[in-house]
Amino acid sequence: MKFHVLTLFPEMIGGAVDHSILKRAADSGLIEINAINIRDYSADKHKSVDDYPYGGGAGMVMQAQPVYDSWESIVSEGKKIKTIYLTPQGQTLTQDKVKELSEEEELILLCGHYEGIDERVLEEIVDEEISVGDYVLTGGELPAVMIIDAVSRLIPGVLHNDTSAGTESFENGLLEYPQYTRPETWHEKTVPKILLSGDHKKVDEWREEQSIERTKNKRPDLYDEYIKSGIQ
Ligand code: 9D3
């Protein structure tokens, strides 16, 4: 999967994905990250990319031309690549959406800054708008990294254990069961006896029970969905 990120702060993308799992995925060619500095496409000698909003108001608006030209530099070879604008006004990212995006061969992630981007270029290039939740950030760079992270781990070979991406939180609509490792006693707390029994069937049943109980307590909203889904 190739991720193109259109941004005024390309170092925020490179820095965040140059570690551990994503670094290994990039090194082994499973993912590729192409961070493009929109400022490199500025047409004026001062390299400006923003201007005052027509109609007045606070702040600056990113101009259509450098955004369009940076986008055009990616799609000029004629291929159709889904373009996603990261914006607080978008649909909230979900695991279902992440799964859908992981089916694409390439993605273009457009990050906004200042008071937004000239609407006319958005009309021409954006296929989908995505938010990462109802809170206010300074720009779309961290959301772009979140999408890269969430999508990459669904690509076969990116995670060591290829079953682990499928059997965890949100996959069946339940939270994960609690985990324990050595020592058997820590701060006077012991590991649940059943996990030491070696009875895999019993262990599986206990874990499922714990998942359901946890979801009921910690995420009653997910628990309601789980009940309504009828998959118990
Ligand atoms: C002055 C602009 N704001 C009016 C209240 C709106 C605004 C636009 C852009 C506020 C923040 C931002 C920067 N955020 C993002 O670009 C962003 C974002 C976010 O802030 N929250 C959740 N998801 C996302 S995706 C992109």
Side-chain angles (χ1 to χ4, degrees), residues 1-19 22 31-42 47-75 81-104 106-155 169-170 219 221-222:
M1 162 80 84
K2 188 164 180 180
F3 300 95
H4 306 270
V5 186
L6 301 178
T7 170
L8 289 173
F9 302 96
E11 62 289 351
M12 281 185 77
I13 308 299
V17 294
D18 227 17
H19 298 283
L22 291 190
I31 64 167
E32 191 179 333
I33 294 153
N34 175 28
I36 291 160
N37 192 341
I38 294 170
R39 196 173 296 281
D40 290 346
Y41 293 84
S42 169
K47 294 277 165 219
S48 66
V49 290
D50 60 346
D51 209 330
Y52 299 98
Y54 278 120
M60 305 290 273
V61 176
M62 285 171 69
Q63 292 170 291
Q65 174 270 319
V67 171
Y68 186 81
D69 289 353
S70 63
W71 179 81
E72 174 66 22
S73 75
I74 301 164
V75 301
I81 306 175
K82 181 171 280 184
T83 298
I84 295 168
Y85 176 37
L86 288 316
T87 166
Q89 297 174 34
Q91 291 290 305
T92 308
L93 188 64
T94 62
Q95 189 63 20
D96 283 345
K97 175 55 72 176
V98 169
K99 208 179 291 173
E100 194 184 302
L101 296 178
S102 73
E103 315 282 318
E104 302 286 332
E106 298 186 42
L107 286 173
I108 298 174
L109 303 171
L110 170 61
C111 306
H113 251 272
Y114 309 117
E115 300 305 296
I117 301 179
D118 190 308
E119 191 67 21
R120 294 168 295 182
V121 68
L122 298 176
E123 286 169 3
E124 288 202 16
I125 72 174
V126 172
D127 298 302
E128 283 190 41
E129 298 188 339
I130 293 179
S131 159
V132 295
D134 291 340
Y135 43 86
V136 183
L137 300 169
T138 59
E141 283 76 14
L142 292 176
V145 169
M146 289 164 70
I147 290 182
I148 292 171
D149 189 280
V151 168
S152 294
R153 63 183 289 291
L154 295 185
I155 295 166
S169 292
F170 306 115
R219 290 292 304 273
D221 55 325
L222 291 181

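Position 1 is the first residue of the sequence; numbering continues from there. All ligand and atom numbering here is 1-based and tracks the order in the structure.
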Heavy-atom nearest neighbour in the protein, as seen from atom 8 (C) of ligand 1, with distance rounded to 0.1 Å
P88 CG, 3.9 Å
Closest by any non-hydrogen atom to atom 11 (C) of ligand 1: pick that one out of I84, L137, T138.
L137
Could you list which atoms of ligand 1 come closer than 4.0 Å to a heavy atom of V136?
10 (C), 11 (C), 20 (O)
Among all protein non-hydrogen atoms, which one is nearest to atom 25 (S) of ligand 1, and what is the separation to 0.1 Å?
T87 N, 3.4 Å
Atoms of ligand 1 under 4.0 Å from any heavy atom of Y135, numbered from 1 in the order shown, are 19 (C), 20 (O), 21 (N), 22 (C)
Can a salt bridge be assigned to the pair E106 and K2 using a cut-off of 4.0 Å between side-chain N and carboxylate O?
no
In this structure, atom 1 (C) of ligand 1 is nearest to the protein heavy atom E115 OE1, 2.4 Å
Protein contact for atom 15 (C) of ligand 1 (heavy atom, distance under 4.0 Å)
yes
What heavy-atom pair brings V49 and S42 nearest, and what distance separates the two atoms?
CG1-CB, 4.2 Å
Could you pull out all residues at least two apart from D134 that satisfy salt bridge (Lys or Arg N to Asp or Glu O under 4.0 Å)?
none
Classify the side-chain pair E141/T7 by whether it contains a donor and acceptor separated by less than 3.5 Å.
yes
Note the single closest protein heavy atom to atom 23 (N) of ligand 1, along with its residue, its atom name and the distance in Å.
V132 N, 3.0 Å
With the threshold set at 4.0 Å, does a side-chain nitrogen-carboxylate oxygen contact exist between K97 and E100?
yes
State whether the side chain of D118 and the backbone N or O of Q63 hold a donor-acceptor pair below 3.5 Å, judged by distance alone.
no
With atoms numbered from 1 as shown, which atoms in ligand 1 lie under 4.0 angstrom from a non-hydrogen atom of I130?
25 (S)
Would you mind telling me which of V67, V75, I108 makes a side chain to side chain contact (heavy atoms under 4.5 Å, CB included) with I125?
V67
Closest contact, heavy atoms only, I117 versus L122:
O-CD1, 3.7 Å
Ligand 1 atoms in contact with G140 (distance to a heavy atom under 4.0 Å):
15 (C), 16 (O), 26 (C)
At a non-hydrogen distance cut-off of under 4.0 Å, which region of D134 contacts ligand 1 (side chain, backbone, both, or neither)?
neither
Just by modelled atom types, is the Y41 backbone N or O under 3.5 Å from a matching donor or acceptor in the Q65 side chain?
yes
Scan the protein's non-hydrogen atoms and note whether one is under 4.0 Å from atom 5 (C) of ligand 1.
no
G133 touching ligand 1 at heavy-atom level, < 4.0 angstrom:
yes
So which of D96, L109, I130, L154 actually passes side chain to side chain contact (heavy atoms under 4.5 Å, CB included) with L101?
I130
Which bit of S131 gets closer than 4.0 Å to ligand 1, counting heavy atoms only: side chain, backbone, both or neither?
both
With a 4.0 Å cut-off, strictly under, does atom 21 (N) of ligand 1 pick up any protein heavy atom?
yes
